Protein chains: 2
Amino acid sequence: MSVEWQPVRQARTHELVLQSIEERVFAGDLKAGDRLPPERELAPVMGVSRSALREALRVLETIGVLVAQQGRGPDAGARIVRNPDDALGRLLRLHFALGSYSLEDVLEARVTLERSSFQASAGHATAEDLAEAEDLLARMGDPALGVADFNELDTRFHVLFARSSGNRLTSTLTSAVRESVRPLILRALESADDWPATAAGLNAEHAELLRLVRTGDGAGAADLVERHIRGFHGTLVDEKQRRDDA
Amino acid sequence: MSVEWQPVRQARTHELVLQSIEERVFAGDLKAGDRLPPERELAPVMGVSRSALREALRVLETIGVLVAQQGRGPDAGARIVRNPDDALGRLLRLHFALGSYSLEDVLEARVTLERSSFQASAGHATAEDLAEAEDLLARMGDPALGVADFNELDTRFHVLFARSSGNRLTSTLTSAVRESVRPLILRALESADDWPATAAGLNAEHAELLRLVRTGDGAGAADLVERHIRGFHGTLVDEKQRRDDA
DNA sequence: GGGCCCGTTTGGTCCGACCTTTTTGTTTCT
DNA sequence: AGAAACAAAAAGGTCGGACCAAACGGGCCC
């Protein structure tokens, strides 16, 4: 295999700034909670214009490692934070909309991730987690619940178990993937033939999932969540088919 | 549970622009390959300054849904693309450096994702994939190979199988997670007690992985890659321990 | 036809002015 | 003395305009 040549791509200023800040992060110089100097001071120190600096900060903000606050006082200015979830969610949502990933890809990824989540959750879930799941379950049982509200609660149910697995990375990935198909799921639910029956069926599975996690049956929960996801995604694919045919 | 009140957080201009463009993407108005109007035209049409528009474009660029090219001709300007891998890699790398995720979290996520990758790869890998893996394996076998080069080839080996699984989403996630621990792995390799022996051991496992994938033994490949990752991550944890103690 | 030059288009950079929000300090009135 | 009102300062947010740099297209000259 021959060496692959790459075009040189002259680095843009904001990329240099970015690189410089990232190095600080990698070196441990910048930790969560630290504040950056004000833009008007930092820009000349780095030898770039304020606009270039701001573009770099915007990038860091969309990655979820920085927030900016107007005003004075200790909370003002640009601060390093750790908030990957929104960033990852937006990323996957957009790419899914653009067709970077097929529905089948998302299905398999959800199965893989949520199997792992539920497996671990069966060993790690706290009493608070279980109580919250119970609460969500009860609210989803309301027959008068609208489709959109159901979808919201269903998302929270799945994300809750991902969080309770104790693994923040898997949790982030799981909820981002779940979020990315959220609009699609909403549309599918809206066009369900018999919505009350669909909701009841999903809820029965949710209740059983909760029971398995509570009793510590990780393998059982993993198997059931796989069936749960495959079953529902199956109707999604059917729905998509019907739409494409029309 | 009472209703949770949120602060209103006045939206910033670039966020409005972003929202507007995202809606176009979700609606299917903007597809991969489409070009946006020039900044100088688009900004006044949207009623914002060019700077605000540019910040929104920068955000889209870091998400990997847009690239910008200077100059004239059909390739110039801002174009919609689908390139999630770099974006995801940078995101996870930074958050890992900031301590959003522990080493154990990454270990479990890698095991989950790569088990799935290798399982699927055993059914999907093409002859080209296998040939490339063979090539990488041969190059990793060179005893004179430096640690950094080995790490580079090892990364490509793992990412290759993720890609060959046929699932672009899992592949993206796998390579991003692998990339996020790359600097760490490099440091661990550099401080290995007996580097040639370590390399030989890893290579033997790589060769066996390739064999299992080639013969279509997905379950076997999944099990082996789990042992492979856990074994190596184990030395990482030991290494970290030793550093923390010092 | 090939090569050179020059203009046009488009993003990239910089600067300076001004707006808005948030806190802090000070003054004034009771 | 205390509370309310006002003013100043510090920070990010926005805007407009000027200019730089890269890439392409076309025309001109050999």
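Everything numeric in this text was worked out from a predicted model, so none of it was measured. Lettering of chains follows the sequences in order, A, B, ..., and the numbering in each one begins at 1.
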Legend entry - Polar side-chain contact A:Arg50-D:dG13 base: donor and acceptor under 3.5 Å: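 Such a pair is found, so the answer is yes.
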Legend entry - Of B:Gln69 and A:Pro74, the one whose closest DNA chain C nucleotide lies more 5':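 Looking at DNA chain C, the more 5' nearest nucleotide goes with B:Gln69.
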Legend entry - Of B:Ala68 and A:Gly71, the one whose closest DNA chain C nucleotide lies more 5':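 Here B:Ala68 is the residue nearer the 5' end.
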Legend entry - Matching residue for B:Val17 among B:Val59, B:Val48, B:Leu60 - test: side chain to side chain contact (heavy atoms under 4.5 Å, CB included):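 So the option named by the test is B:Val48.
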Inset, instruction - Determine, step by step, whether A:Ser164 and A:Ser121 satisfy the side chain to side chain donor-acceptor pair (under 3.5 Å) criterion, reporting the C-alpha distance in whole Å, the side-chain angles of both residues, the deciding distance to 0.1 Å, and the verdict. - result: CA-CA 6 Å; A:Ser164 76; A:Ser121 186; 2.6 Å; yes
Inset, instruction - Just compare D:dT14, D:dA11, C:dG11 and give me whichever is closest to any side-chain atom of B:Gln70. - result: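 Output: C:dG11.
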Legend entry - Nucleotide nearest A:His14 when distance is taken to its side chain, options D:dT14, C:dT13, D:dG25: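 The answer is C:dT13, which lies nearest to the side chain.
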Inset, instruction - Compute the centroid of each ring, for B:Phe161 and then for B:Phe118, and state whether the two points are separated by less than 6.0 Å. - result: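 Centroid distance B:Phe161-B:Phe118: below 6.0 Å, so yes.
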Inset, instruction - Flag the pair A:Arg90 and B:Glu22 as a salt bridge only when some basic side-chain nitrogen lies within less than 4.0 angstrom of an acidic carboxylate oxygen. - result: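 Here A:Arg90 pairs with B:Glu22 in a salt bridge, since their nearest N and O are under 4.0 Å apart.
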Inset, instruction - Output yes when B:Arg156 and B:Asp135 qualify as a salt bridge under the 4.0 Å nitrogen-oxygen rule, no when they do not. - result: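 Result for this pair is no, no salt bridge flagged.
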Mind checking if [X] touches a base, just sugar-phosphate, or nothing, with heavy atoms under 4.0 Å?
{"X": "B:Ser51", "result": "base"}
{"X": "A:Ala52", "result": "sugar-phosphate"}
{"X": "B:Gly73", "result": "sugar-phosphate"}

Atom [atom1] of [X] to atom [atom2] of [N]: distance rounded to whole Å?
{"X": "A:Arg35", "N": "C:dT23", "atom1": "CZ", "atom2": "P", "result": "12 Å"}
{"X": "B:Asp75", "N": "D:dC24", "atom1": "CG", "atom2": "C1'", "result": "10 Å"}
{"X": "B:Leu53", "N": "C:dG12", "atom1": "CG", "atom2": "C1'", "result": "13 Å"}
{"X": "B:Leu36", "N": "C:dG11", "atom1": "CG", "atom2": "C1'", "result": "13 Å"}
{"X": "B:Arg72", "N": "D:dG26", "atom1": "CZ", "atom2": "P", "result": "7 Å"}

Inset, instruction - Check whether any side-chain N or O of A:Arg54 sits under 4.0 Å from OP1 or OP2 of D:dG13, and answer yes or no. - result: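 The answer is yes; a side-chain N or O of A:Arg54 sits under 4.0 Å from OP1 or OP2.
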Legend entry - Residue-level proximity of residues 37-49 of chain B to DNA chain C when a heavy atom falls under 4.0 Å: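 Listed by number, they are B:Pro38, B:Glu39, B:Arg40.
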Legend entry - Note, B:Leu57 side chain near B:Ile21 side chain (heavy atom, < 4.5 Å):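 Yes, their side chains come closer than 4.5 Å.
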Legend entry - Geometric class of the B:Phe157/B:His206 ring pair [parallel <30°, tilted 30-60°, perpendicular >60°]: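 The rings of B:His206 and B:Phe157 sit tilted, inter-plane angle from 30° to 60°.
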